[in-house]
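What follows is one structure encoded as structure tokens, with my remarks underneath.
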Amino acid sequence: MKNIKHPIFVSVFLLLLGCGPYSFTGVQDLKAKTFQVNYFQNTSDLIEPGFDRDFKLALEDLIVNQTNLNITTSNGELIYEGEIVEYRISPTTAQSNSTAAQNRLSVTVNLRFFDTTNPEEEFEQRFSHFFDYPGSQLLQGTQKDAAHEEIFERITQDIFNATLAKW
């Protein structure tokens, strides 16, 4: 019995030691302790009021909820900034009577990421996503809210993965 306890103890110890640095969000140990998200100006041809503010808040919320970084309004070690360069509604499928069977809201964000603790990690990249909805409906009310929420979720997660999770 004594001979069995020692290997089991060592195995359990090694298993727990190997699981220590794992993170479910994929974020590795960061040198940075703070981040800031600057205003994302909407430079697209179609301007949706409040969309830029809502996008900024969605990105801040995601980073706060999935990391231990502290948010700041200036002098952040990680800085997110850019522009909303596309907010476009276009038909994707036509019907025989020359009307749209399905429409698509497309959003593209140009991101500039700065890391003052590790300047080689800095980059500029575009992130896009879309939301399809029936051509018989207008993009307003709960339909618009659902579209914005899905687009925010996807683009902010892609930004998080590219900047912090390194996926």
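For reference, positions follow the sequence shown, starting with 1.
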Main chain of Thr92, side chain of Gln102: is a donor-acceptor contact present, judged purely on distance under 3.5 Å?
no
Is the backbone N or O of Val85 less than 3.5 Å from a side-chain atom of Thr108, with the two atoms forming a donor-acceptor pair by type?
no
Give the minimum heavy-atom separation between [X] and [Y], together with the two atoms involved.
| X | Y | result |
| --- | --- | --- |
| Leu69 | Thr34 | CD2-N, 4.1 Å |
| Asn42 | Ser44 | OD1-OG, 2.6 Å |
| Gln36 | Thr72 | CB-O, 3.1 Å |
| Glu83 | Thr43 | CB-OG1, 4.0 Å |
| Pro134 | Gln143 | CD-NE2, 3.8 Å |
| Ile151 | Leu105 | CD1-CD2, 3.7 Å |

Close side-chain approach of [X] and [Y], heavy atoms under 4.5 Å:
| X | Y | value |
| --- | --- | --- |
| Ile71 | Ile63 | no |
| Phe35 | Val64 | yes |
| Leu46 | Arg88 | no |
| Gln157 | Glu153 | no |
| Thr67 | Phe160 | yes |
| Phe131 | Val107 | no |

Within this structure, what is the [atom1]-[atom2] distance for the pair [X] and [Y], rounded to the nearest 0.5 Å?
| X | Y | atom1 | atom2 | answer |
| --- | --- | --- | --- | --- |
| Ile155 | Phe130 | CD1 | CZ | 11.0 Å |
| Leu139 | Asp145 | CG | CG | 9.0 Å |
| Glu60 | Asn65 | CD | CG | 11.5 Å |
| Thr117 | Leu78 | OG1 | CG | 6.0 Å |
| Thr116 | Glu77 | OG1 | CD | 5.0 Å |
| Phe127 | Leu111 | CZ | CG | 5.5 Å |

Around [X], counting heavy atoms of other residues, nucleotides and ligands shown, do more than 12 lie under 6.0 Å from its [atom1]?
| X | atom1 | value |
| --- | --- | --- |
| Arg112 | CZ | yes |
| Gln125 | CD | yes |
| Gln137 | CD | yes |

So, are Glu86 and Arg126 salt-bridged, with charged N and O less than 4.0 Å apart?
no
Residues Glu150, Arg154: salt bridge by 4.0 Å N-O rule
no
Residue of the set Tyr87, Tyr133, Phe55 for which ring-ring contact (aromatic ring centres under 6.0 Å, His included) holds with His148
Tyr87
Same apolar cluster: Leu164 and Phe123, side chain cutoff 4.5 Å
yes
Between Phe51 and Phe40 (judged by ring centroids, cut-off 6.0 Å), do the two rings come close enough to count as a pair?
no
Have Glu124 and Asn110 got a donor and an acceptor in their side chains that come within less than 3.5 Å?
yes
